[in-house]
Amino acid sequence: MAEAIQKKLKAEVEKYTQMQKDVSKSMSARQKLETQLAENNIVKEELDLLDTTNTVFKLIGPVLVKQDLDEAKATVTKRLEYINGEIQRYETLLKDLEKKSEQHREVLSSLQQEYQRAQGLAVGKV
Amino acid sequence: MAEKGKMNVEHLDGVVRLREEHQKVVKDCESRILHWNKVSGDYEALNDRLKTLPDQLSYDIMVPFGPLAFMPGKLVHTNEVTALLGDNWFAKCSAKQAQKIVDHRMKYVKSELNDLSKTVKNFEARVGLVKDLETISSSKGDYVDIREDTGNGDIAVTKGQQRIAHKPNSKPKLDAVLDLKEGEENEGEGGDGGSRKGTSTEEELWARLDELEKLEEQQDERDRLSYNADMNGEDTSSFSSEEEKEGDAAPPVNGLSLKPSWTSAPHSKAPPSSDRKAEEDDDEEEEGSCLPTIFFSHTIEPKKVRINTGKNTMFKFSERKEQKEHSKRKKKNGHNNGLSHHELHKITTPVDIYRLFVDVKNGEPVPRKSILKSRSRENSVCSDTSESSAADFEERRMIGRSFSHDDTTHSDTSDGITEEESPTAVPLHPDSRFEAFSGTVVEKDPMPSAVPHLTIAPPALPTILERKQEEVAPDVAPPQQAPKRVSKFKAARLQQM
(Lines give C-alpha, C1' and ligand atoms only; values in the text may rest on other atoms or scores of the structure.)
Protein backbone atom coordinates (compact mmCIF):
# COMPACT_ATOMS: atom_id res chain seq x y z
CA MET A 1 0.00 0.00 0.00
CA ALA A 2 2.70 2.39 0.97
CA GLU A 3 4.76 1.47 -2.02
CA ALA A 4 1.96 2.14 -4.41
CA ILE A 5 1.47 5.50 -2.86
CA GLN A 6 5.15 6.13 -3.06
CA LYS A 7 5.13 5.43 -6.77
CA LYS A 8 2.22 7.68 -7.26
CA LEU A 9 3.94 10.33 -5.28
CA LYS A 10 7.05 10.09 -7.40
CA ALA A 11 5.10 10.35 -10.60
CA GLU A 12 3.28 13.35 -9.31
CA VAL A 13 6.47 14.98 -8.17
CA GLU A 14 7.97 14.55 -11.62
CA LYS A 15 4.97 16.06 -13.24
CA TYR A 16 5.11 18.92 -10.86
CA THR A 17 8.79 19.59 -11.50
CA GLN A 18 8.09 19.53 -15.21
CA MET A 19 5.38 22.07 -14.73
CA GLN A 20 7.66 24.23 -12.69
CA LYS A 21 10.24 24.13 -15.44
CA ASP A 22 7.69 25.21 -17.98
CA VAL A 23 6.68 28.01 -15.76
CA SER A 24 10.21 29.22 -15.31
CA LYS A 25 10.84 28.99 -19.07
CA SER A 26 7.86 31.10 -19.84
CA MET A 27 8.91 33.53 -17.19
CA SER A 28 12.37 33.99 -18.63
CA ALA A 29 11.00 34.34 -22.15
CA ARG A 30 8.68 36.99 -20.94
CA GLN A 31 11.49 38.84 -19.27
CA LYS A 32 13.50 38.81 -22.48
CA LEU A 33 10.58 40.20 -24.33
CA GLU A 34 10.29 42.94 -21.80
CA THR A 35 13.88 44.05 -22.25
CA GLN A 36 13.41 43.98 -25.99
CA LEU A 37 10.37 46.08 -25.60
CA ALA A 38 12.27 48.69 -23.63
CA GLU A 39 15.06 48.71 -26.15
CA ASN A 40 12.81 49.09 -29.09
CA ASN A 41 11.10 51.94 -27.42
CA ILE A 42 14.38 53.73 -27.08
CA VAL A 43 15.26 53.02 -30.69
CA LYS A 44 11.98 54.41 -31.79
CA GLU A 45 12.46 57.55 -29.85
CA GLU A 46 15.98 58.01 -31.11
CA LEU A 47 14.91 57.46 -34.66
CA ASP A 48 12.40 60.20 -34.12
CA LEU A 49 15.23 62.45 -33.08
CA LEU A 50 17.03 61.89 -36.40
CA ASP A 51 16.06 63.33 -39.71
CA THR A 52 16.35 62.05 -43.25
CA THR A 53 19.84 63.31 -43.76
CA ASN A 54 21.17 60.58 -41.57
CA THR A 55 21.48 57.13 -43.05
CA VAL A 56 20.20 54.31 -41.00
CA PHE A 57 21.73 50.91 -41.08
CA LYS A 58 20.54 47.63 -39.93
CA LEU A 59 22.96 44.97 -38.79
CA ILE A 60 22.09 41.73 -40.45
CA GLY A 61 24.77 39.31 -39.47
CA PRO A 62 28.12 40.87 -40.20
CA VAL A 63 26.62 43.27 -42.70
CA LEU A 64 25.36 46.76 -42.13
CA VAL A 65 22.51 47.25 -44.51
CA LYS A 66 21.35 50.66 -45.39
CA GLN A 67 17.79 51.39 -44.44
CA ASP A 68 15.42 54.18 -45.03
CA LEU A 69 14.60 56.19 -42.00
CA ASP A 70 10.90 55.84 -42.49
CA GLU A 71 11.26 52.19 -43.23
CA ALA A 72 13.30 51.82 -40.14
CA LYS A 73 10.72 53.62 -38.11
CA ALA A 74 7.95 51.46 -39.49
CA THR A 75 9.94 48.32 -38.87
CA VAL A 76 10.65 49.28 -35.36
CA THR A 77 7.03 50.10 -34.69
CA LYS A 78 5.95 46.78 -36.07
CA ARG A 79 8.48 45.02 -33.97
CA LEU A 80 7.23 46.83 -30.94
CA GLU A 81 3.71 45.69 -31.57
CA TYR A 82 4.86 42.17 -32.13
CA ILE A 83 6.72 42.18 -28.89
CA ASN A 84 3.69 43.46 -27.06
CA GLY A 85 1.56 40.71 -28.45
CA GLU A 86 4.12 38.13 -27.50
CA ILE A 87 4.20 39.41 -23.99
CA GLN A 88 0.45 39.10 -23.71
CA ARG A 89 0.54 35.58 -24.99
CA TYR A 90 3.21 34.62 -22.54
CA GLU A 91 1.30 36.16 -19.71
CA THR A 92 -1.76 34.08 -20.34
CA LEU A 93 0.38 31.02 -20.73
CA LEU A 94 2.04 31.75 -17.46
CA LYS A 95 -1.28 32.09 -15.69
CA ASP A 96 -2.48 28.77 -16.98
CA LEU A 97 0.72 27.13 -15.96
CA GLU A 98 0.44 28.62 -12.53
CA LYS A 99 -3.04 27.28 -12.08
CA LYS A 100 -2.01 23.87 -13.20
CA SER A 101 0.95 23.86 -10.92
CA GLU A 102 -1.30 24.83 -8.03
CA GLN A 103 -3.56 21.94 -8.71
CA HIS A 104 -0.61 19.70 -8.93
CA ARG A 105 0.67 21.04 -5.69
CA GLU A 106 -2.56 20.19 -3.96
CA VAL A 107 -2.56 16.72 -5.38
CA LEU A 108 0.98 16.32 -4.26
CA SER A 109 0.28 17.41 -0.74
CA SER A 110 -2.69 15.10 -0.42
CA LEU A 111 -0.64 12.25 -1.74
CA GLN A 112 2.09 13.10 0.67
CA GLN A 113 -0.33 12.98 3.52
CA GLU A 114 -1.59 9.63 2.39
CA TYR A 115 1.89 8.40 2.11
CA GLN A 116 2.74 9.56 5.56
CA ARG A 117 -0.32 7.94 6.92
CA ALA A 118 0.54 4.74 5.19
CA GLN A 119 4.03 5.01 6.51
CA GLY A 120 2.71 5.54 9.96
CA LEU A 121 0.48 2.53 9.62
CA ALA A 122 3.33 0.44 8.32
CA VAL A 123 5.50 1.56 11.17
CA GLY A 124 2.70 0.79 13.58
CA LYS A 125 2.23 -2.62 12.10
CA VAL A 126 5.88 -3.37 12.26
CA MET B 1 5.12 30.59 29.30
CA ALA B 2 6.44 27.72 27.29
CA GLU B 3 3.89 28.51 24.69
CA LYS B 4 4.96 32.05 24.59
CA GLY B 5 8.54 30.98 24.25
CA LYS B 6 7.63 28.63 21.51
CA MET B 7 5.65 31.25 19.75
CA ASN B 8 8.49 33.60 20.18
CA VAL B 9 10.84 31.19 18.57
CA GLU B 10 8.52 30.66 15.66
CA HIS B 11 7.97 34.31 15.37
CA LEU B 12 11.65 34.87 15.51
CA ASP B 13 12.29 32.39 12.75
CA GLY B 14 9.77 34.02 10.55
CA VAL B 15 11.15 37.38 11.30
CA VAL B 16 14.66 36.30 10.58
CA ARG B 17 13.63 34.84 7.29
CA LEU B 18 11.74 37.96 6.41
CA ARG B 19 14.77 40.02 7.17
CA GLU B 20 16.90 37.82 5.01
CA GLU B 21 14.53 38.16 2.12
CA HIS B 22 14.46 41.88 2.48
CA GLN B 23 18.21 41.99 2.51
CA LYS B 24 18.35 39.97 -0.66
CA VAL B 25 16.16 42.42 -2.44
CA VAL B 26 18.21 45.29 -1.16
CA LYS B 27 21.40 43.73 -2.38
CA ASP B 28 19.94 43.11 -5.77
CA CYS B 29 18.81 46.66 -6.05
CA GLU B 30 22.19 47.90 -5.00
CA SER B 31 23.96 45.90 -7.66
CA ARG B 32 21.66 47.22 -10.29
CA ILE B 33 22.22 50.72 -9.12
CA LEU B 34 25.94 50.17 -9.45
CA HIS B 35 25.46 48.97 -12.97
CA TRP B 36 23.42 51.91 -13.94
CA ASN B 37 25.83 54.26 -12.35
CA LYS B 38 28.57 52.82 -14.45
CA VAL B 39 26.51 53.18 -17.57
CA SER B 40 25.76 56.71 -16.67
CA GLY B 41 29.45 57.42 -16.23
CA ASP B 42 30.17 55.93 -19.58
CA TYR B 43 27.61 58.09 -21.25
CA GLU B 44 29.01 61.14 -19.60
CA ALA B 45 32.40 60.37 -20.99
CA LEU B 46 30.90 59.74 -24.39
CA ASN B 47 29.20 63.05 -24.28
CA ASP B 48 32.40 64.79 -23.57
CA ARG B 49 34.13 62.99 -26.38
CA LEU B 50 31.43 63.89 -28.84
CA LYS B 51 31.74 67.49 -27.83
CA THR B 52 35.39 67.70 -28.48
CA LEU B 53 35.56 65.40 -31.47
CA PRO B 54 34.53 67.88 -34.20
CA ASP B 55 37.07 70.39 -32.92
CA GLN B 56 39.67 69.00 -35.27
CA LEU B 57 39.36 67.71 -38.79
CA SER B 58 41.47 64.69 -38.03
CA TYR B 59 43.26 63.15 -35.16
CA ASP B 60 46.45 61.08 -35.00
CA ILE B 61 45.64 58.13 -32.92
CA MET B 62 46.87 54.67 -32.17
CA VAL B 63 44.38 52.42 -33.76
CA PRO B 64 43.81 49.11 -32.00
CA PHE B 65 44.67 46.22 -34.26
CA GLY B 66 43.23 43.15 -32.85
CA PRO B 67 43.24 42.50 -29.17
CA LEU B 68 46.93 43.07 -28.64
CA ALA B 69 48.28 45.46 -31.24
CA PHE B 70 47.95 49.06 -32.03
CA MET B 71 48.79 50.95 -35.10
CA PRO B 72 49.24 54.60 -35.63
CA GLY B 73 46.51 56.07 -37.69
CA LYS B 74 44.28 59.04 -38.29
CA LEU B 75 40.77 59.66 -37.20
CA VAL B 76 38.88 61.40 -39.96
CA HIS B 77 35.34 62.56 -40.52
CA THR B 78 35.19 63.58 -37.00
CA ASN B 79 31.66 64.76 -37.25
CA GLU B 80 30.27 61.53 -38.64
CA VAL B 81 29.18 59.11 -36.06
CA THR B 82 27.42 55.83 -36.55
CA ALA B 83 25.34 55.31 -33.52
CA LEU B 84 23.89 52.04 -32.39
CA LEU B 85 20.31 52.72 -31.65
CA GLY B 86 19.60 49.34 -30.18
CA ASP B 87 18.30 46.08 -31.48
CA ASN B 88 20.79 45.95 -34.36
CA TRP B 89 19.80 49.35 -35.69
CA PHE B 90 22.42 51.86 -36.63
CA ALA B 91 22.18 55.41 -37.66
CA LYS B 92 24.73 57.64 -39.19
CA CYS B 93 24.54 61.01 -37.70
CA SER B 94 26.54 64.03 -36.86
CA ALA B 95 28.23 64.47 -33.58
CA LYS B 96 25.58 66.77 -32.33
CA GLN B 97 22.84 64.40 -33.25
CA ALA B 98 24.78 61.69 -31.55
CA GLN B 99 24.91 63.86 -28.53
CA LYS B 100 21.18 64.20 -28.62
CA ILE B 101 20.86 60.47 -28.74
CA VAL B 102 23.21 60.15 -25.85
CA ASP B 103 21.23 62.65 -23.84
CA HIS B 104 18.12 60.75 -24.52
CA ARG B 105 19.73 57.60 -23.31
CA MET B 106 20.96 59.30 -20.26
CA LYS B 107 17.44 60.22 -19.42
CA TYR B 108 16.45 56.60 -19.54
CA VAL B 109 19.32 55.55 -17.38
CA LYS B 110 18.53 58.19 -14.85
CA SER B 111 14.92 57.12 -14.61
CA GLU B 112 16.01 53.56 -14.01
CA LEU B 113 18.36 54.67 -11.33
CA ASN B 114 15.63 56.60 -9.61
CA ASP B 115 13.34 53.63 -9.51
CA LEU B 116 16.00 51.45 -8.10
CA SER B 117 16.96 53.88 -5.40
CA LYS B 118 13.33 54.18 -4.37
CA THR B 119 13.05 50.44 -4.07
CA VAL B 120 16.19 50.29 -2.05
CA LYS B 121 14.94 52.91 0.35
CA ASN B 122 11.69 51.04 0.76
CA PHE B 123 13.32 47.79 1.52
CA GLU B 124 15.87 49.34 3.79
CA ALA B 125 13.05 50.72 5.88
CA ARG B 126 11.43 47.32 5.97
CA VAL B 127 14.66 45.73 6.98
CA GLY B 128 14.97 48.17 9.83
CA LEU B 129 11.46 47.33 10.99
CA VAL B 130 12.13 43.66 10.79
CA LYS B 131 15.31 44.11 12.76
CA ASP B 132 13.42 45.86 15.48
CA LEU B 133 10.80 43.17 15.45
CA GLU B 134 13.48 40.60 15.74
CA THR B 135 14.99 42.21 18.75
CA ILE B 136 11.60 42.62 20.32
CA SER B 137 10.55 39.07 19.80
CA SER B 138 13.80 37.81 21.13
CA SER B 139 13.44 40.24 23.99
CA LYS B 140 16.89 41.53 23.51
CA GLY B 141 16.23 45.16 22.87
CA ASP B 142 14.80 47.87 24.98
CA TYR B 143 11.41 47.49 23.48
CA VAL B 144 9.29 44.67 24.70
CA ASP B 145 6.41 43.28 22.83
CA ILE B 146 3.50 43.48 25.19
CA ARG B 147 1.66 40.26 25.16
CA GLU B 148 -1.03 38.85 27.31
CA ASP B 149 -1.00 35.20 28.05
CA THR B 150 -4.58 34.60 27.23
CA GLY B 151 -4.28 32.21 24.40
CA ASN B 152 -3.31 34.96 22.06
CA GLY B 153 -2.44 32.55 19.37
CA ASP B 154 -6.06 31.66 19.08
CA ILE B 155 -7.24 35.14 18.53
CA ALA B 156 -6.96 35.09 14.82
CA VAL B 157 -8.69 31.80 14.63
CA THR B 158 -11.33 32.12 17.25
CA LYS B 159 -11.71 35.79 17.27
CA GLY B 160 -15.40 35.66 17.50
CA GLN B 161 -15.66 32.72 19.78
CA GLN B 162 -14.10 33.84 22.94
CA ARG B 163 -16.90 36.03 23.94
CA ILE B 164 -19.88 34.97 25.89
CA ALA B 165 -23.25 35.48 24.48
CA HIS B 166 -25.40 37.01 27.13
CA LYS B 167 -28.90 35.97 26.56
CA PRO B 168 -31.31 38.80 27.07
CA ASN B 169 -33.57 36.62 29.15
CA SER B 170 -30.91 35.19 31.32
CA LYS B 171 -31.01 36.18 34.91
CA PRO B 172 -28.28 38.39 36.21
CA LYS B 173 -27.45 36.04 38.98
CA LEU B 174 -26.95 33.14 36.72
CA ASP B 175 -25.21 35.29 34.21
CA ALA B 176 -22.73 36.30 36.78
CA VAL B 177 -22.12 32.69 37.55
CA LEU B 178 -21.69 31.92 33.92
CA ASP B 179 -19.38 34.81 33.44
CA LEU B 180 -17.24 33.60 36.21
CA LYS B 181 -17.04 30.23 34.72
CA GLU B 182 -16.30 31.49 31.28
CA GLY B 183 -13.92 34.03 32.64
CA GLU B 184 -11.81 31.29 34.02
CA GLU B 185 -11.42 29.86 30.61
CA ASN B 186 -10.72 33.06 28.80
CA GLU B 187 -9.12 35.50 31.04
CA GLY B 188 -10.45 38.86 30.40
CA GLU B 189 -12.27 37.93 27.31
CA GLY B 190 -15.18 36.13 28.82
CA GLY B 191 -17.04 39.14 29.93
CA ASP B 192 -17.48 40.76 26.60
CA GLY B 193 -20.63 40.87 24.62
CA GLY B 194 -21.58 37.69 23.02
CA SER B 195 -20.43 36.73 19.67
CA ARG B 196 -20.19 33.09 20.51
CA LYS B 197 -23.92 33.02 20.42
CA GLY B 198 -24.94 29.55 19.57
CA THR B 199 -22.63 27.47 21.65
CA SER B 200 -22.46 29.83 24.59
CA THR B 201 -26.20 29.87 24.91
CA GLU B 202 -26.22 26.14 25.33
CA GLU B 203 -23.26 26.25 27.59
CA GLU B 204 -24.96 28.92 29.58
CA LEU B 205 -27.99 26.79 29.94
CA TRP B 206 -26.08 23.79 30.98
CA ALA B 207 -24.10 25.80 33.44
CA ARG B 208 -27.28 27.11 34.90
CA LEU B 209 -28.68 23.64 35.02
CA ASP B 210 -25.68 22.49 36.90
CA GLU B 211 -25.99 25.33 39.30
CA LEU B 212 -29.57 24.63 40.02
CA GLU B 213 -28.89 20.98 40.34
CA LYS B 214 -26.32 21.69 42.94
CA LEU B 215 -28.73 23.83 44.82
CA GLU B 216 -31.33 21.21 44.60
CA GLU B 217 -28.93 18.60 45.76
CA GLN B 218 -28.18 20.60 48.81
CA GLN B 219 -31.80 20.97 49.54
CA ASP B 220 -32.50 17.40 48.84
CA GLU B 221 -29.79 16.46 51.20
CA ARG B 222 -31.59 18.31 53.86
CA ASP B 223 -34.81 16.80 52.75
CA ARG B 224 -33.42 13.42 52.88
CA LEU B 225 -32.13 13.97 56.31
CA SER B 226 -35.44 15.16 57.47
CA TYR B 227 -37.16 12.47 55.51
CA ASN B 228 -35.13 9.75 57.01
CA ALA B 229 -35.57 11.22 60.37
CA ASP B 230 -39.26 11.47 60.01
CA MET B 231 -39.87 8.43 58.01
CA ASN B 232 -40.81 6.41 60.93
CA GLY B 233 -42.59 9.18 62.64
CA GLU B 234 -45.68 11.04 61.86
CA ASP B 235 -46.26 11.84 58.30
CA THR B 236 -47.97 15.07 58.49
CA SER B 237 -45.94 16.69 61.10
CA SER B 238 -42.75 15.52 59.65
CA PHE B 239 -43.87 16.48 56.28
CA SER B 240 -44.81 19.87 57.34
CA SER B 241 -41.67 20.32 59.25
CA GLU B 242 -39.80 19.12 56.29
CA GLU B 243 -41.65 21.59 54.24
CA GLU B 244 -40.63 24.23 56.60
CA LYS B 245 -37.11 23.17 56.30
CA GLU B 246 -37.43 23.14 52.63
CA GLY B 247 -39.00 26.48 52.78
CA ASP B 248 -36.05 27.82 54.58
CA ALA B 249 -33.65 26.28 52.25
CA ALA B 250 -35.41 26.97 49.06
CA PRO B 251 -33.93 29.80 47.13
CA PRO B 252 -36.35 32.55 46.63
CA VAL B 253 -34.93 33.37 43.32
CA ASN B 254 -37.09 31.26 41.21
CA GLY B 255 -40.17 32.06 43.10
CA LEU B 256 -42.53 33.89 40.90
CA SER B 257 -40.47 34.28 37.87
CA LEU B 258 -40.45 30.69 36.98
CA LYS B 259 -42.62 31.08 34.03
CA PRO B 260 -40.45 33.20 31.81
CA SER B 261 -37.55 30.95 32.18
CA TRP B 262 -39.52 27.85 32.07
CA THR B 263 -38.73 26.92 28.55
CA SER B 264 -35.13 27.77 28.87
CA ALA B 265 -34.44 25.57 31.79
CA PRO B 266 -37.47 23.63 32.65
CA HIS B 267 -35.91 20.87 34.51
CA SER B 268 -33.51 22.86 36.46
CA LYS B 269 -36.28 25.02 37.68
CA ALA B 270 -38.26 22.09 38.81
CA PRO B 271 -36.35 21.28 41.92
CA PRO B 272 -36.19 24.80 43.19
CA SER B 273 -39.75 25.33 42.29
CA SER B 274 -40.70 22.21 44.06
CA ASP B 275 -38.83 23.39 47.03
CA ARG B 276 -40.55 26.62 46.87
CA LYS B 277 -43.79 24.90 46.60
CA ALA B 278 -42.99 23.02 49.70
CA GLU B 279 -42.06 26.25 51.24
CA GLU B 280 -45.42 27.61 50.53
CA ASP B 281 -47.19 24.67 51.87
CA ASP B 282 -49.03 25.14 54.96
CA ASP B 283 -49.25 22.77 57.68
CA GLU B 284 -52.88 22.52 57.30
CA GLU B 285 -54.08 19.11 57.91
CA GLU B 286 -55.55 17.02 55.25
CA GLU B 287 -59.17 16.53 54.90
CA GLY B 288 -60.53 13.15 55.19
CA SER B 289 -57.15 11.47 54.99
CA CYS B 290 -53.90 11.53 56.73
CA LEU B 291 -52.15 13.46 54.01
CA PRO B 292 -51.36 17.11 54.38
CA THR B 293 -53.00 19.68 52.33
CA ILE B 294 -51.07 21.66 49.93
CA PHE B 295 -51.55 25.31 49.75
CA PHE B 296 -49.77 27.57 47.45
CA SER B 297 -49.44 31.15 48.35
CA HIS B 298 -48.93 32.22 44.84
CA THR B 299 -52.43 31.28 44.00
CA ILE B 300 -55.04 33.67 45.13
CA GLU B 301 -57.39 31.11 46.33
CA PRO B 302 -56.66 27.68 47.47
CA LYS B 303 -58.30 25.27 45.26
CA LYS B 304 -59.84 22.10 46.20
CA VAL B 305 -58.19 19.45 44.39
CA ARG B 306 -59.39 16.01 44.12
CA ILE B 307 -56.49 13.76 44.02
CA ASN B 308 -57.12 10.45 42.60
CA THR B 309 -56.06 8.46 45.52
CA GLY B 310 -58.72 5.95 45.08
CA LYS B 311 -60.52 7.18 48.08
CA ASN B 312 -62.09 10.14 46.46
CA THR B 313 -60.26 12.31 48.78
CA MET B 314 -60.14 15.91 48.11
CA PHE B 315 -57.20 18.04 48.56
CA LYS B 316 -56.76 21.64 48.36
CA PHE B 317 -54.27 22.09 45.79
CA SER B 318 -53.21 24.67 43.39
CA GLU B 319 -50.08 24.46 41.53
CA ARG B 320 -48.33 26.54 39.11
CA LYS B 321 -45.94 24.13 37.73
CA GLU B 322 -46.47 20.55 37.01
CA GLN B 323 -43.01 19.74 38.17
CA LYS B 324 -43.73 21.05 41.56
CA GLU B 325 -46.71 18.90 41.84
CA HIS B 326 -44.89 15.97 40.51
CA SER B 327 -42.00 16.28 42.82
CA LYS B 328 -44.38 16.86 45.62
CA ARG B 329 -46.23 13.74 44.80
CA LYS B 330 -43.10 11.89 44.52
CA LYS B 331 -42.07 13.15 47.84
CA LYS B 332 -45.27 11.99 49.30
CA ASN B 333 -44.93 8.69 47.64
CA GLY B 334 -41.46 8.43 48.80
CA HIS B 335 -42.67 9.40 52.14
CA ASN B 336 -44.88 6.45 52.17
CA ASN B 337 -42.71 3.86 50.76
CA GLY B 338 -39.51 4.89 52.26
CA LEU B 339 -37.81 5.98 49.11
CA SER B 340 -36.00 9.19 48.92
CA HIS B 341 -37.13 10.83 45.83
CA HIS B 342 -34.93 13.76 45.89
CA GLU B 343 -32.92 12.24 43.15
CA LEU B 344 -35.96 12.00 41.04
CA HIS B 345 -36.49 15.66 41.21
CA LYS B 346 -33.23 16.24 39.55
CA ILE B 347 -33.99 16.08 35.91
CA THR B 348 -31.01 16.27 33.72
CA THR B 349 -31.84 13.75 31.10
CA PRO B 350 -35.02 12.40 29.65
CA VAL B 351 -34.41 9.30 31.65
CA ASP B 352 -35.04 11.27 34.76
CA ILE B 353 -38.40 12.21 33.52
CA TYR B 354 -39.28 8.64 33.02
CA ARG B 355 -38.13 7.93 36.47
CA LEU B 356 -40.55 10.46 37.76
CA PHE B 357 -43.39 8.85 36.02
CA VAL B 358 -43.62 5.83 38.15
CA ASP B 359 -46.77 4.23 39.21
CA VAL B 360 -46.70 3.41 42.81
CA LYS B 361 -48.60 0.26 43.28
CA ASN B 362 -48.77 -1.22 46.65
CA GLY B 363 -45.86 0.73 47.76
CA GLU B 364 -43.60 -0.28 44.94
CA PRO B 365 -42.65 2.08 42.24
CA VAL B 366 -43.51 0.56 38.96
CA PRO B 367 -42.16 2.41 35.98
CA ARG B 368 -44.79 3.36 33.57
CA LYS B 369 -44.57 2.01 30.10
CA SER B 370 -45.31 5.25 28.46
CA ILE B 371 -45.44 8.59 30.02
CA LEU B 372 -47.65 9.84 27.31
CA LYS B 373 -50.40 7.49 28.15
CA SER B 374 -52.43 7.73 31.23
CA ARG B 375 -52.67 4.97 33.64
CA SER B 376 -54.95 2.13 33.05
CA ARG B 377 -58.51 2.57 33.76
CA GLU B 378 -59.04 -0.46 35.82
CA ASN B 379 -57.09 1.04 38.56
CA SER B 380 -59.04 4.14 38.51
CA VAL B 381 -61.30 4.75 41.36
CA CYS B 382 -62.30 8.17 40.43
CA SER B 383 -65.49 8.72 38.74
CA ASP B 384 -64.31 10.56 35.78
CA THR B 385 -61.35 8.56 34.85
CA SER B 386 -62.17 7.32 31.45
CA GLU B 387 -60.13 9.40 29.09
CA SER B 388 -56.66 8.48 28.48
CA SER B 389 -55.54 10.17 25.36
CA ALA B 390 -55.09 13.57 23.99
CA ALA B 391 -58.11 13.12 21.89
CA ASP B 392 -60.18 12.99 24.92
CA PHE B 393 -58.48 16.09 25.92
CA GLU B 394 -60.52 17.87 23.37
CA GLU B 395 -63.61 16.30 24.71
CA ARG B 396 -62.85 17.62 28.06
CA ARG B 397 -62.33 20.97 26.60
CA MET B 398 -65.73 20.78 25.12
CA ILE B 399 -67.11 19.70 28.40
CA GLY B 400 -65.36 22.44 30.10
CA ARG B 401 -66.67 24.85 27.63
CA SER B 402 -70.17 23.69 28.05
CA PHE B 403 -69.74 23.99 31.71
CA SER B 404 -68.50 27.44 31.45
CA HIS B 405 -71.28 28.43 29.23
CA ASP B 406 -73.64 27.75 31.98
CA ASP B 407 -72.32 30.66 33.75
CA THR B 408 -74.56 33.30 32.36
CA THR B 409 -73.25 36.33 34.02
CA HIS B 410 -69.69 35.89 33.03
CA SER B 411 -70.07 33.84 29.99
CA ASP B 412 -67.75 35.89 27.86
CA THR B 413 -64.95 36.02 30.24
CA SER B 414 -65.43 32.49 31.20
CA ASP B 415 -65.33 31.53 27.59
CA GLY B 416 -62.04 33.10 27.24
CA ILE B 417 -60.98 31.46 30.33
CA THR B 418 -62.34 28.13 29.41
CA GLU B 419 -60.35 28.21 26.32
CA GLU B 420 -57.38 28.75 28.40
CA GLU B 421 -58.50 26.41 31.01
CA SER B 422 -59.65 23.69 28.76
CA PRO B 423 -56.14 22.57 28.13
CA THR B 424 -56.00 21.99 31.75
CA ALA B 425 -58.78 19.53 31.49
CA VAL B 426 -56.64 16.56 31.87
CA PRO B 427 -58.23 13.21 32.17
CA LEU B 428 -58.00 11.68 35.50
CA HIS B 429 -55.95 8.71 36.07
CA PRO B 430 -58.05 5.84 37.04
CA ASP B 431 -55.57 4.15 39.15
CA SER B 432 -56.31 2.19 42.12
CA ARG B 433 -54.42 4.41 44.31
CA PHE B 434 -54.22 3.34 47.76
CA GLU B 435 -51.32 5.49 48.38
CA ALA B 436 -51.55 8.95 49.51
CA PHE B 437 -51.16 10.66 46.26
CA SER B 438 -51.77 9.11 42.95
CA GLY B 439 -50.47 11.96 41.05
CA THR B 440 -53.75 12.99 39.62
CA VAL B 441 -55.07 16.22 40.66
CA VAL B 442 -58.51 17.42 39.98
CA GLU B 443 -59.07 20.98 40.62
CA LYS B 444 -62.41 22.03 41.68
CA ASP B 445 -63.67 25.42 42.45
CA PRO B 446 -66.98 27.11 42.60
CA MET B 447 -67.38 29.10 39.46
CA PRO B 448 -68.54 32.45 40.79
CA SER B 449 -65.71 32.85 43.14
CA ALA B 450 -63.29 32.08 40.42
CA VAL B 451 -64.64 34.52 37.93
CA PRO B 452 -63.45 37.65 39.63
CA HIS B 453 -60.05 36.18 39.49
CA LEU B 454 -60.15 36.11 35.80
CA THR B 455 -58.76 39.51 35.51
CA ILE B 456 -56.14 38.82 38.02
CA ALA B 457 -52.78 37.44 37.25
CA PRO B 458 -52.42 34.04 35.70
CA PRO B 459 -52.33 32.09 38.89
CA ALA B 460 -55.93 32.85 39.28
CA LEU B 461 -56.92 31.36 36.02
CA PRO B 462 -57.02 27.78 37.04
CA THR B 463 -59.55 28.48 39.66
CA ILE B 464 -62.29 29.39 37.32
CA LEU B 465 -62.75 26.33 35.32
CA GLU B 466 -62.17 23.84 38.04
CA ARG B 467 -65.54 24.15 39.47
CA LYS B 468 -67.14 23.36 36.25
CA GLN B 469 -64.92 20.55 35.49
CA GLU B 470 -65.73 18.12 38.14
CA GLU B 471 -64.65 15.23 36.14
CA VAL B 472 -61.70 16.90 34.76
CA ALA B 473 -58.38 17.04 36.30
CA PRO B 474 -56.91 20.25 35.25
CA ASP B 475 -53.57 19.51 36.38
CA VAL B 476 -51.35 22.34 35.88
CA ALA B 477 -53.06 25.52 35.09
CA PRO B 478 -50.14 27.79 35.03
CA PRO B 479 -48.34 25.96 32.37
CA GLN B 480 -51.41 26.02 30.31
CA GLN B 481 -51.96 29.64 30.88
CA ALA B 482 -49.05 30.36 28.78
CA PRO B 483 -49.26 27.56 26.32
CA LYS B 484 -46.52 28.99 24.36
CA ARG B 485 -44.16 28.50 27.18
CA VAL B 486 -45.22 25.01 27.96
CA SER B 487 -43.66 22.29 26.04
CA LYS B 488 -45.97 19.75 24.62
CA PHE B 489 -44.00 17.30 26.57
CA LYS B 490 -45.28 18.84 29.68
CA ALA B 491 -48.72 19.04 28.27
CA ALA B 492 -48.63 15.37 27.64
CA ARG B 493 -47.54 14.86 31.15
CA LEU B 494 -50.35 16.99 32.28
CA GLN B 495 -52.73 14.67 30.65
CA GLN B 496 -51.21 11.80 32.42
CA MET B 497 -51.67 13.46 35.69
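First the proteins, then the strands, lettered A, B, ... as listed; each starts at 1.
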Q) Are any side-chain N or O atoms of B/Q97 and backbone N or O atoms of B/S94, one a donor and one an acceptor, separated by less than 3.5 Å? A) yes
Q: Would you mind telling me which of A/T55, A/V56, A/T75, A/N40 has the largest number of heavy-atom pairs within less than 4.5 Å of chain B?
A: A/T55
Q) Cation-pi between B/R105 and B/Y108: NZ/CZ under 6.0 Å from ring centre and within 45° of the ring axis? A) no
Q: Can you tell which part of A/Q67 gets under 4.5 Å to a heavy atom of chain B, answering side chain, backbone, both or neither?
A: side chain
Q) Got a donor-acceptor contact below 3.5 angstrom from the A/N54 side chain to the B/K92 backbone? A) yes
Q) Do the side-chain N and O atoms of A/Y115 and A/Q119 include a donor-acceptor pair separated by under 3.5 angstrom? A) yes
**Q.** Which atoms of A/I42 approach chain B - backbone, side chain, both or neither, heavy atom under 4.5 Å
**A.** both
